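The first residue of the sequence shown is numbered 1, and numbering continues consecutively from there. Remember, predicted model here, so these are calculated numbers, not experimental data. Keep in mind that the numbers below use all heavy atoms, side chains included, and drop hydrogens, waters and symmetry copies.
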Amino acid sequence: MIVTIKPSKAEGRMFAPPSKSMAHRLLICAGCAEGISVISNVDLSEDILATLDCLRALGAGIVYKDRSVTVSGVDIRRTPHPSELSCRECGSTLRFMVPVCLMSGQKNTLTGSEILLKRPLGVYEEICRDQGLTFTKEGSLLTVEGRLRAGDYVVPGNISSQFISGLLFVLPLLDEDSRIVLVPPVESRPYIQMTMQALEMFGVSVLWEETDTAGPAPCVIRIPGGQKYRPQDLSVEGDYSNAAFFEALNLIGGKVLVEGLSENSLQGDQVYRSCFEQLAAGTPELDISDCPDLGPVLMAMAAGLNGAVFTGTKRLEIKESDRGAAMQQELEKMNARVERMENEIRVWPGLSSPRETLDGHNDHRIVMALSVLLTKTGGAVRGAEAVSKSLPDFFNRLKELGIEFTAADRPQ
């Protein structure tokens, strides 16, 4: 789908979308809790549908009605038969579900796009090799078999937090205690804390033994064994990651008030407010190692304002697209200058109407970041349907704020 946006000013109020990150976590906890849980304020994005598909495949009952999910949880240690789990294109679902599949001892196959299965999974492959478990990846299929053992799991602290969260979901269910030993530096800690918060909501406790994630000593998470999830009725909090795209409109002349965001949230992406202030005030140096999902919108705003230097950008290479390269390519179509280095990206100020249709790179956050810029310059972006991955009503929300656009399957 190609969306053509006219230069227009966004004005109005809107309620923040629900947090996709927290929805994944609460739904998985509910799926592991024997009994009935109700998780409300859930939007059915492609990524959330992937997690629900996987929970169904493992035997959980799932009913969606009026933006609430009723989950009939199961004992994932005793799933009675092999399953095939469709992860669609969701990296979170895939990495969360591999350890879940390694609880029953059954042979389970996780499926997804070939692009998804090309994303790094080496941490789990190494764990399976060390414990004598099956881990076989072929094309768009990943097959695992065996049962995880309690013990010490030593992993680099600068890997994706999704691996650490995946282990946190299941290690408390083993009979004996475990530890996750994170070798510093530890990145994306806010996402680990969100997982720990979700566990606590369902009655499962895990504890930091060493909290100096920037120091030289390993950071240890202690995980008592023999625990059980207890069913809960909970509501998903508002999402800072997606709210950032709408508040970014204020940096280019809009007047948008985003409501429904918790001031006590653990979401790391709430830092976007501070980042926006710095981008508006000058040419800052911003470390995004703990908030890589903000990379595209921050780069877009830097080009539209005063420029910026971004550090901690290496992880942008392994998202739905190589986000640093994708934003460089598209911003250069708008006459912006971008320089990429190994773990740093520099964006110079300067922006004009794009010389050609922009490409969304099959990445929801690239599409949304470019669309925000196009409300200022005008222009078109192809592959706009990628927003369904996390925020299917993104363009409807823009329309409600007064942004004018047309959508078509091919250029007009």
*Asks:* Does the side chain of Tyr240 reach to within under 4.5 Å of the side chain of Arg273, using non-hydrogen atoms?
*Replies:*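 A side-chain contact under 4.5 Å exists here.
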
*Asks:* Tell me every residue that passes salt bridge (Lys or Arg N to Asp or Glu O under 4.0 Å) with Lys376, counting only those two or more places apart in sequence or in another chain.
*Replies:*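 Expected list: none.
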
*Asks:* Please name all residues satisfying side chain to side chain contact (heavy atoms under 4.5 Å, CB included) with Leu266, sequence neighbours left out, ordered by chain then number.
*Replies:*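 Testing Leu266 for side chain to side chain contact (heavy atoms under 4.5 Å, CB included), a comparison that skips the adjacent residues, returns Gln193, Met194, Gln197.
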
*Asks:* Listed by chain and number, what are the salt bridge (Lys or Arg N to Asp or Glu O under 4.0 Å) partners of Lys314, not counting sequence neighbours?
*Replies:* Glu317

*Asks:* The criterion is side-chain hydrogen bond (donor to acceptor under 3.5 Å, both in side chains); which residues satisfy it with Thr313, sequence neighbours excluded?
*Replies:* none

*Asks:* Quick one: which residue pairs count as a side-chain hydrogen bond (donor to acceptor under 3.5 Å, both in side chains) with a foot in residues 112-124, not counting sequence neighbours?
*Replies:* none

*Asks:* Tell me the ring pair (Phe, Tyr, Trp, His ring centres under 6.0 Å) pairs involving residues 94-113, sequence neighbours left out?
*Replies:* Phe96-Phe169

*Asks:* Under the rule for side chain to side chain contact (heavy atoms under 4.5 Å, CB included), what residues qualify as partners of Gln227, not counting sequence neighbours?
*Replies:*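 Residues passing side chain to side chain contact (heavy atoms under 4.5 Å, CB included) with Gln227: Pro172, Val204, Ser205, Pro224.
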
*Asks:* Checking Ser265 now: which residues fulfil side-chain hydrogen bond (donor to acceptor under 3.5 Å, both in side chains) with it, not counting sequence neighbours?
*Replies:*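 side-chain hydrogen bond (donor to acceptor under 3.5 Å, both in side chains) check on Ser265 returns Glu237, Gln267.
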
*Asks:* Residues in side chain to side chain contact (heavy atoms under 4.5 Å, CB included) with Asn362, at least two apart?
*Replies:* Glu89, Ala386

*Asks:* Please enumerate all residues that pass side chain to side chain contact (heavy atoms under 4.5 Å, CB included) together with Ala336, with sequence neighbours excluded.
*Replies:*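 With sequence neighbours excluded, Ala336 shows a side chain to side chain contact (heavy atoms under 4.5 Å, CB included) to Ala303, Leu331, Leu351, given in chain and number order.
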
*Asks:* Quick one: list whatever passes side-chain hydrogen bond (donor to acceptor under 3.5 Å, both in side chains) with Asp287, sequence neighbours left out.
*Replies:*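 Counting only residues at least two positions away or on another chain, Asp287 forms a side-chain hydrogen bond (donor to acceptor under 3.5 Å, both in side chains) with Ser289.
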
*Asks:* Ignoring hydrogens and angles, write down the donor-acceptor pairs under 3.5 Å from the side chains of residues 156-163, residues two or more places apart or on other chains.
*Replies:*
unit_1 : atom_1 : unit_2 : atom_2 : d
Ser160 : OG     : Arg95  : NH1    : 3.4
Ser160 : OG     : Gln162 : N      : 3.2
Gln162 : OE1    : Arg95  : NH1    : 2.9
Gln162 : NE2    : Ser92  : OG     : 3.0

